[in-house]
Structure formats: structure tokens, C-alpha cells
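Since the structure comes first, as C-alpha cells, the remarks are kept for the end.
Numbering starts at 1 and runs along the sequence shown. Nothing here was measured: the structure is a model prediction, and the numbers come from that model.
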Amino acid sequence: MKRKIYFAGSIRGGRVDADLYRRMIAYIQQTDTVLTEHVGSEKLLLTEQGRQRDGRIYDQDTAWLRQSEMLIGECTCPSLGVGYELAYAERYSIPCHLLYNSAKTQLSAMLTGNPYFHIYPYTNEEQVFNILEDILKV
């Protein structure tokens with residue numbers, strides 16, 4: 001039976017890794033369901049904002065988080081939204097697996113110092129998919 005995976009990646013914080021997100025999501029979808037596959041979309045609209053629309057996004061994302069059985073996050077690009085999603089997932093005891101490119105960034109001590117999070121540094125894309133394979137075996 002396919003698990004429900006919440007994929008977390010930067011949207012408004014920066015889309016520099018969107019292509020990687022798309023490839024990661026496609027890889028995860030080989031075995032599981034990604035509730036947030038739009039995070040990897042090239043066509044994601046960043047211009048349409050407003051309090052009502054943002055409220056709908058919050059409601060949808062938190063509903064998806066509560067439904068999910070696991071969160072997989074790519075955390076190289078700092079994002080307030082991803083940080084919030086991680087705290088929300090921890091609050092609801094959703095297992096969290098965080099990947100980041102250690103050659104490009106340093107994670108916050110709020111993540112690395114918290115034993116709740118499973119953290120996986122990588123330096124090349126091949127490592128990303130080896131890490132995902134190990135995570136998805138669980």
C-alpha cells in the first residue's frame with residue numbers, strides 16, 4: 001500500500017532547486033503518493049498572493065500534513081514555510097527526513113540540534129537518490 005508523503009521544499013523562499021524537487025518527487029512517486037507534488041512544478045505561480053489565497057494554502061497544506069505518514073524535505077534553500085512545516089510535522093509526530101547540500105548551505109541549529117529530525121547531508125545528486133532509496137525502504 002502506498003504511503004502518503006509530504007514533500008517540503010522552498011517556494012516563496014526561492015526556486016533555485018525546483019528541478020531537483022521535481023526529480024525527487026518523481027522518484028518518491030515510484031513507490032508512494034506525494035501529496036505536495038506541485039512543489040516541483042515549473043509552472044508554480046508565485047505572483048498570486050493575498051490573505052484569502054494564503055489562508056487556503058495554509059488550510060490545504062496543514063490538512064495534507066495531518067494526512068501524511070512521512071515528511072521528506074529538501075532544505076538547501078532556506079524557507080520560513082518549510083521551517084513551519086517541519087515544526088508542524090514534529091507536533092503531530094510525523095517522521096521527518098531532511099536532505100540538504102552541505103556544499104551549498106549549513107542547516108539551522110534548530111534542525112541539526114533537534115534529535116527528532118533525520119538529517120542527510122549530500123554533495124551530489126546521485127547521493128540524493130541513494131538517500132531516498134534508504135528512506136523509502138522503511
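- Taking the side-chain hydrogen bond (donor to acceptor under 3.5 Å, both in side chains) definition, one finds that Y88 meets it with R66, sequence neighbours left out.
- Of the inter-residue distances, the one linking E74 atom CD with I25 atom CD1 reads 11.0 Å to the nearest 0.5 angstrom.
- Shortest non-hydrogen contact noted between S10 and V82 is N-CG2, 3.8 Å.
- Residues I11 and I28 share a single hydrophobic cluster, defined by chaining ILVMFWY side chains whose heavy atoms lie under 4.5 Å apart.
- Nearest heavy atoms, Q67 versus K4: O-CD, 3.7 Å.
- Nearest heavy atom pair, residue I119 against residue L111, reads CD1-O, 3.5 Å.
- Scanning both residues, A8 and E85, for their nearest heavy atoms gives CB-OE1, 3.4 Å.
- The CD atom of E69 sits 7.0 Å away from the CD1 atom of I5 when rounded to the nearest 0.5 Å.
- The distance from atom CD1 of I131 to atom OH of Y27, rounded to the nearest 0.5 Å, is 11.0 Å.
- The main-chain N or O of N101 is found under 3.5 Å from a side-chain atom of T76 such that the two form a donor-acceptor pair.
- Rounding to the nearest 0.5 angstrom, the gap separating the CG atom in L35 from the CD atom in Q60 is 9.0 Å.
- Interatomic distance, K104 NZ to Y122 OH, rounded to the nearest 0.5 Å: 6.5 Å.
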- Decide side chain to side chain contact (heavy atoms under 4.5 Å, CB included) for M70 and I135; before the verdict, give the C-alpha distance in whole Å, the side-chain angles of both, and the deciding distance to 0.1 Å. CA-CA 10 Å; M70 179 188 302; I135 291 169; 3.7 Å; yes
- Test side chain to side chain contact (heavy atoms under 4.5 Å, CB included) on L132 and V128 and set out the steps. CA-CA 6 Å; L132 286 176; V128 169; 4.2 Å; yes
- Item | Worked check of salt bridge (Lys or Arg N to Asp or Glu O under 4.0 Å) between R56 and D59 | CA-CA 5 Å; R56 287 191 301 272; D59 290 343; over 6 Å; no
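- With R3 contributing its side chain and T33 its backbone, the two residues share no donor-acceptor pair below 3.5 Å.
- Contact of the C77 side chain with the Y21 side chain is registered, since non-hydrogen atoms from C-beta on lie closer than 4.5 Å.
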- Message: Evaluate L86 against M110 for side chain to side chain contact (heavy atoms under 4.5 Å, CB included), listing each step before the verdict.
- Response: CA-CA 11 Å; L86 297 176; M110 292 300 289; over 6 Å; no
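- C96 and Y116 make their closest contact through SG-CE2, 4.1 Å (heavy atoms, listed as atom of the first residue, atom of the second, distance).
- In Q30, the CD atom is crowded: over 12 heavy atoms of neighbouring residues, nucleotides or ligands sit closer than 6.0 Å.
- Summarising the geometry of K2 relative to T31, their closest heavy-atom pair is CG-O, 3.4 Å, with the distance given to 0.1 Å.
- The CZ atom of F129 lies 13.5 Å from the CG atom of D134; values are rounded to the nearest 0.5 Å.
- Partners of T36 by side-chain contact (heavy atoms from CB on, under 4.5 Å), not counting sequence neighbours, listed by chain and number: Y6, F7, V34, H38, V39, W64.
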- Query: L99 and M24: side chain to side chain contact (heavy atoms under 4.5 Å, CB included), yes or no, with the steps?
  - Reply: CA-CA 11 Å; L99 291 79; M24 290 174 72; 4.1 Å; yes
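- Residues Y58 and L71 share a single hydrophobic cluster, defined by chaining ILVMFWY side chains whose heavy atoms lie under 4.5 Å apart.
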